[in-house]
Amino acid sequence: MTPSPSPLTLSALQAGQPVLWASGADRSGAAGPAFNGISNADVDGSVARLARFAPLLARLFPELEDSAGTIESSLLPVPRLQQALELPTAQGLLLVKADHALPVAGSIKARGGIHEVLEYAESVALQNGLLPEGQASDYRLLATPSARLAFGRYKVAVGSTGNLGLAIGVMASALGFQAVVHMSSDAKQWKKDRLRRRGVEVVEHAGDYAQAVAAGRRAADADPQCHFVDDEQSLSLLLGYAAAAPHLARQLAALGRPVDAEHPLFVYLPCGVGGAPGGIAFGLAQIYGPHVHCFFAEPTRSPCFLVEMLAGTPLLAHLGAHPSVYDVGQDNRTEADGLAVPRASELAAEVVKPFIGGVYTVEDDTLFRDLHTAAATEGLRIEPSAAAGLAGPAMLLGSEAGRAYLRRHGLDTHMAAATHIAWTTGGLFVPEEEYARFHARGAAMAQTA
Ligand SMILES: *Cc1c(COP(=O)(O)O)cnc(C)c1O
């Protein structure tokens with residue numbers, strides 16, 4: 001059902017054909033304790049921080065009462081979707097990691113974005129003596145009027161195509177910070193409206209996402225009381241995303257899905273700048289070493305992480321380091337607004353390069369078709385960006401590059417025992433009218449397929 005991938009050539013990239021690149025790296029290093037100066041201890045640190053804040057979050061957000069302040073998503077068996085996507089059970093079991101329903105932010109940004117705001121809040125609180133030092137504090141103290149007044153003297157700013165802005169803006173304003181979100185002109189109107197209703201200042205910029213980030217960074221640099229969440233360089237974001245990994249490992253264990261040399265795990269992660277998939281891939285590599293294979297999924301017209309991985313290889317030898325999608329003749333125009341990014345995060349690229357499984361691209365038509373299929377088969381309400389992971393198994397098994405990867409790592413004989421996880425990264429807060437339009441477009445695609 002998914003269109004067959006084209007061989008990876010410059011003309012296929014330029015023409016916007018779906019392609020898969022598989023890493024040729026020796027992935028045995030994926031079991032190492034630390035990459036690029038960050039380690040498992042840092043992931044533990046972000047897990048612990050989220051736990052410290054949970055009682056406060058349960059107080060600030062009624063929707064978190066039932067989970068006692070934990071922001072997490074389900075890991076769902078999806079047999080009807082697996083069948084509709086034509087993934088035979090002889091090739092493994094498909095699961096969906098349902099971040100499209102994450103509370104508070106409605107997308108995967110609830111992980112990294114909220115973590116970074118909390119880390120900043122913690123440092124401001126300690127600086128201002130809002131938390132008694134040297135003992136396990138009750139973070140609910142930070143909801144008191146005096147703490148909120150103190151937070152109100154500080155500002156949190158971010159540049160975003162939408163979802164990151166939603167996560168940062170909502171959490172920052174809930175704590176009492178001033179919040180500013182710089183958005184590119186192509187960001188969806190409903191996201192701007194939702195933020196403004198929460199008292200967040202929205203600054204609109206002509207130009208693309210990277211330009212909105214740059215403008216936001218400049219404005220924040222001039223203000224010492226302002227923390228800028230830098231999607232292209234932030235370690236705090238990356239480690240917030242990585243905190244998903246230990247929780248996922250418990251969910252896999254609860255479903256009785258082992259992960260080892262005979263039971264490989266494939267994870268398909270929608271990718272914008274690469275922070276979210278990079279952090280998660282890092283966290284999973286800490287747990288499963290070379291037995292987890294993370295593939296990043298991008299729109300054919302915004303393949304920024306793919307070109308970053310290919311920089312310096314013969315295919316892109318004519319380009320310098322850190323190329324953009326424009327450099328390969330692409331235009332960054334996609335309905336997958338969470339993934340519409342022209343240039344990858346160098347931090348994320350550097351972190352994952354030694355162990356990433358690969359990157360593939362998906363046409364918008366396929367995103368809409370899979371969005372519809374997920375709704376029709378399993379009742380999942382996802383946004384176009386979030387559908388990019390669903391094409392993963394077909395791209396891996398249907399491409400020569402993917403099959404060669406499986407043979408190279410001795411995985412082809414273990415596929416019946418494999419687990420495939422498509423990470424559905426957003427959707428909860430898409431307004432009904434907009435979702436209906438997505439769904440109708442996908443239904444039309446499914447009919448013509
Ligand atoms: C932001 C986002 C992603 C990708 O995250 P990056 O850190 O930009 O790679 C994927 N899906 C959705 C819905 C998002 O909002």
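Every number for a ligand or one of its atoms is a count from 1 in the order of the listing.
- Checking Ser11 against Thr9 by side-chain atom types alone, a donor-acceptor pair falls below 3.5 Å.
- Between Val180 and Val200 the shortest side-chain heavy-atom distance does not fall below 4.5 Å.
- Glu122 pairs by the side chain to side chain donor-acceptor pair (under 3.5 Å) definition with Arg49, Arg52, Tyr139, not counting sequence neighbours.
- Using a 4.0 Å heavy-atom criterion, the residues that approach ligand 1 are Lys109, Asn163, Pro270, Cys271, Gly272, Val273, Gly274, Gly275, Ala276, Pro277, Gly338, Leu339, Glu383, Ser385, Thr425, Gly426.
- In this structure, Phe368 has its ring center closer than 6.0 angstrom to the ring center of Phe438.
- For the pair Leu339 and Thr334, the minimum side-chain heavy-atom distance is 4.5 Å or more.
- Aromatic ring pairs are classed by plane angle as parallel below 30°, tilted from 30° to 60° and perpendicular above 60°; the pair His293 and His409 is tilted.
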